[in-house]
Amino acid sequence: MRDPDILVIGGGPAGMSAALEAARSGLAVELVEQRESLGGAIYRQPIEGVQVIPQSAGARGRWAALSQAFSKAAIPVRFGSVFLGVDGHGYVLVENRQNGLVECLSPRAVVLATGAVEHVHPRPGWQFAGVSTAGGLQVMMKETGTAPRGSVLLAGSGPLLIAVAAQMARLGNPPLAIVESGDPYRRIMPGLSMLGFPKLLAEALGYLKDIHLHRIPWLRGSRLVRIERQGERFSAVVRAGDGSQSTFVCDRIGLHDGIRPNDYGLPQASSEAAAGPVILRAGDCREALGAIAAEADGRRAGRLAIQGVAASAADDIGKIDRQRRAQALLARLFAPVDDRSALDELADDTLLCRCEGKTVGDLRNLCQRVDSLTGREVKHNGRFAMGACQGRFCAANTAALMARFKPEAPASSAADLTGRRWPVRPVSIGALVRAASRDNDTQ
Amino acid sequence: MTEDTFRLMGRTISFRAGESIAAALQAVGVLTYGPDALGNETRCFCGIGACQCCLVRVDGVVREACITLARPGMSVEPMERRNA
Ligand SMILES: Cc1cc2nc3c(=O)[nH]c(=O)nc-3n(C[C@H](O)[C@H](O)[C@H](O)COP(=O)(O)OP(=O)(O)OC[C@H]3O[C@@H](n4cnc5c(N)ncnc54)[C@H](O)[C@@H]3O)c2cc1C
Ligand code: FES
C-alpha cells in the first residue's frame with residue numbers, strides 16, 4: 001500500500017473534519033483510530049441493536065452531517081491502530097493491533113487529533129475499582145445503552161456532571177446526588193453572559209430540567225473529600241460549604257474536575273520539520289474547547305496540512321474564538337465556592353500517582369530536601385509521572401502540589417514532569433523490533 | 001442482537017457484538033480485573049484508553065479492556081497471576 005500524503009490521528013470530530021478538509025485537495029488521506037469505530041469521546045457510537053443515548057438536537061445534527069460527509073468522502077480508516085510517535089528518522093509509528101505489527105509510515109503531514117482527558121483531583125480512595133471518571137461512565141453508557149448499575153454518586157465540578165446525571169436518569173438510574181464544588185446559581189455575571197451562547201445554554205437547561213424532574217440533589221459548593229470501602233460498597237464523605245459533613249453509601253462513583261488536552265508525549269507541532277513530516281495539532285488535544293471548536297479546528301488543520309503554510313480560515317477561527325469565550329465563562333460559572341484548593345489538606349497517604357503507587361507524602365518528602373528539585377528530577381527520583389499512563393492523570397496534580405510544598409522554588413509544569421517522549425502508549429518490544437528491522441531493510 | 005462468550009479467569013462471560021471487554025464485564029458486575037504489578041486493583045477509569053488502569057492480558061497480549069473489542073473465544077487474564 002502506498003503511504004498516504006496526509007495522516008490524521010484520531011477519529012473524533014477534530015480528526016474527521018481535518019481528514020475531510022484535507023481530502024478535498026485530492027491528496028491521499030488516511031485516518032488512524034485506536035478503537036473500532038469513529039466518533040471520539042462526544043459521539044461514541046452505540047453497539048448494534050442498542051438505543052442511542054438521547055443527546056441534544058444540536059449534537060445529533062452535527063454528528064449526522066459529519067458522519068455522512070465522511071462516509072461519502074470514502075477516506076480509508078485504519079481501525080484498531082494506535083499512534084505511537086514519530087521516530088528520529090521522521091517515520092510515523094503506528095501499532096496495528098489487528099496483526100500485532102508496528103507500521104512505519106512516511107506521510108508529508110500528520111494531523112494529531114487525540115482529544116482530551118478528564119482532570120481528576122486526588123482524593124483518598126480515588127484509586128478503588130468502582131471509582132471511574134464521570135466521562136468514563138458516560139462513554140460506557142453511550143456504548144452499551146445502559147446506565148451504570150446500583151447507586152452512583154457523581155462528584156467534582158463542571159457541566160459534564162449534570163450531563164451525565166441527566167443521561168443516567170433518562171436511562172432509568174438517576175445518580176444519588178451530584179457533588180459540585182462550584183455554585184453557578186451564585187455567579188450572576190457569567191450566568192447572564194451565557195445568554196450569548198444560546199445553544200450551550202439550551203443544552204444545559206435541558207439537563208437541569210431532567211435533574212429537577214428526577215429530584216437529583218445538586219449539592220453546589222460541596223466537595224467529596226474521602227472515599228472509604230464499606231464491604232462491597234463505598235462510603236463517600238462530602239463536605240458542604242458550611243463545613244458540615246455527610247456520608248453517602250454507594251456502589252459506584254464518577255469523578256470529574258474538568259478537561260485538558262491529551263497531548264502527553266505527542267511530538268511538537270512543526271511547520272517544516274528538518275526530517276520527517278509537518279506536524280499539526282487539532283481539536284481538544286491542541287486546546288480543550290469542546291466539540292464545536294474541535295470540528296472547526298480540524299478543518300483549519302486540514303487546510304494547513306494541504307498547504308503547509310498559514311491558510312486563511314477566518315470563519316473557523318471565529319468559531320474557535322467564540323467557543324474559547326464560552327469555556328472561559330463556564331469556568332467562572334463553576335468556579336469553586338471554597339477558596340481553599342482541593343489539594344489542600346490531603347492526607348499524606350493519599351495516592352497521587354496510581355501507576356507507580358506514589359503518595360502525597362512521598363512528594364512532600366522529596367520537596368523537603370534542601371535543594372529544590374525540578375519537575376524532571378521529581379520524575380526521575382520520585383517516579384511521579386513515570387508510569388504507564390505517562391502522567392496523564394498525575395502530572396498536573398503533582399506540579400500543583402510541588403508549588404504548594406515549595407512555593408519559593410521555580411514553578412514546574414505538567415510538561416516538565418512528563419517530558420516529550422514516544423511511544424505515546426506502551427507497546428511490546430517484540431513489535432518494535434520487528435518494525436525496526438523492516439525500517440533497516442528499506443533504508 | 002448476537003450473543004457470544006469469552007473467558008475471564010476461567011469464567012464464561014457473554015457479550016454483545018461490538019462491545020468492549022470492559023463493557024461486557026461491567027454488564028455482569030465485574031469491575032476489577034485482578035491486581036496490577038504494584039498490587040493496585042485494575043479497573044475501567046477513563047474509558048478512552050488514556051489512563052492504563054484497565055490493562056489485562058488478552059490471549060497473552062497486554063491490552064486496555066476499555067478500547068479492546070470482546071471477541072468469541074478470547075481468553076482474558078489479569079496482569080499479575082500471583083493473587084489470581
Ligand atoms: C470521557 C469524555 C467524555 C466526553 N463527553 C462529552 C460530551 O458528552 N459532550 C461534550 O460536548 N463533550 C464531551 N467531552 C469533551 C470532548 O473532548 C469534546 O467534546 C470532543 O469529543 C473533542 O473532539 P476531538 O476530536 O478533539 O477529540 P475526541 O472526540 O476525544 O477524539 C479523539 C480520538 O482519538 C483517538 N485516539 C486517541 N489517542 C490515540 C492514539 N494514540 N492512536 C490512535 N487513536 C487515538 C480516540 O480513540 C478518539 O476517537 C468528553 C471528553 C471526554 C474525555
Ligand atoms: S479505562 Fe483508562 S485506559 Fe482503559
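The chains referred to below are lettered A, B, ... by the order of the sequence lines, with proteins before strands, and numbering in each begins at 1. The shown structure was predicted, so the numbers you read here are calculated from the model rather than taken from an experiment.
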* **Heavy-atom pair with the smallest gap, counting every atom of A:Phe393 and B:Cys46** => CZ-CB, 3.7 Å
* To do: With a 4.5 Å cut-off on heavy-atom pairs, point out which of A:Met140, A:Arg97, A:Arg425 contacts chain B the most.
  => A:Arg97
* Could you look at A:Val82 and say if it's the side chain, the backbone, both or neither that has a heavy atom under 4.5 Å from chain B? => neither
* **Which atoms of B:Cys53 approach chain A - backbone, side chain, both or neither, heavy atom under 4.5 Å** => both
* Asked: From A:Arg35 CZ over to B:Ile67 CD1, what is the distance, rounded to the nearest 0.5 angstrom?
  -> 7.5 Å
* Asked: Can you find a heavy atom in the side chain of A:Thr144 that is under 4.5 Å from one in the side chain of B:Arg16?
  -> yes
* Asked: Would you call B:Cys51 and A:Arg392 a side-chain contact if the rule is heavy atoms closer than 4.5 Å?
  -> no
* Asked: Picking from A:Ala134, A:Ser132, A:Gly254, A:Gly136, which has the most non-hydrogen pairs under 4.5 angstrom with chain B?
  -> A:Ser132
* Asked: Would you call A:Gln390 and B:Gln52 a side-chain contact if the rule is heavy atoms closer than 4.5 Å?
  -> no
* pair A:Val131-B:Arg43: side-chain heavy atoms closer than 4.5 Å -> yes
* Considering all heavy atoms of both residues, which atom of B:Ala50 and which atom of A:Val117 are nearest to each other, and what is their separation? -> CB-CG1, 3.5 Å
* Asked: Hey, are the side chains of B:Asp36 and A:Arg354 touching, using non-hydrogen atoms and a 4.5 Å cut-off?
  -> yes
* To do: With the side chain counted from C-beta on, respond yes when B:Ile48 and A:Glu118 share a heavy-atom pair under 4.5 Å apart, and no when they do not.
  => no
* Which atoms of A:Phe128 approach chain B - backbone, side chain, both or neither, heavy atom under 4.5 Å -> both
Cut-off 3.5 Å, no hydrogens considered: what does the side-chain donor-acceptor table look like for residues 26-35 of chain B, sequence neighbours left out?
from, atom 1, to, atom 2, distance (Å)
B:Gln26, OE1, A:Arg252, NH1, 3.3
B:Thr32, OG1, B:Thr42, O, 2.6

* Donor on one side chain, acceptor on other, B:Ser20 and A:Glu143, under 3.5 Å -> yes
* Asked: Is a side-chain donor or acceptor of B:Asn40 paired with a backbone partner of A:Gly357 at a separation under 3.5 angstrom?
  -> no
* So do B:Leu38 and A:Lys358 actually touch side chain to side chain, heavy atoms under 4.5 Å? -> no
* What part of A:Glu232 gets closer than 4.5 Å to chain B, counting heavy atoms only: side chain, backbone, both or neither? -> neither
* Asked: With a 4.5 Å limit on heavy-atom distance, are the side chains of A:Gln34 and B:Glu64 in contact?
  -> no
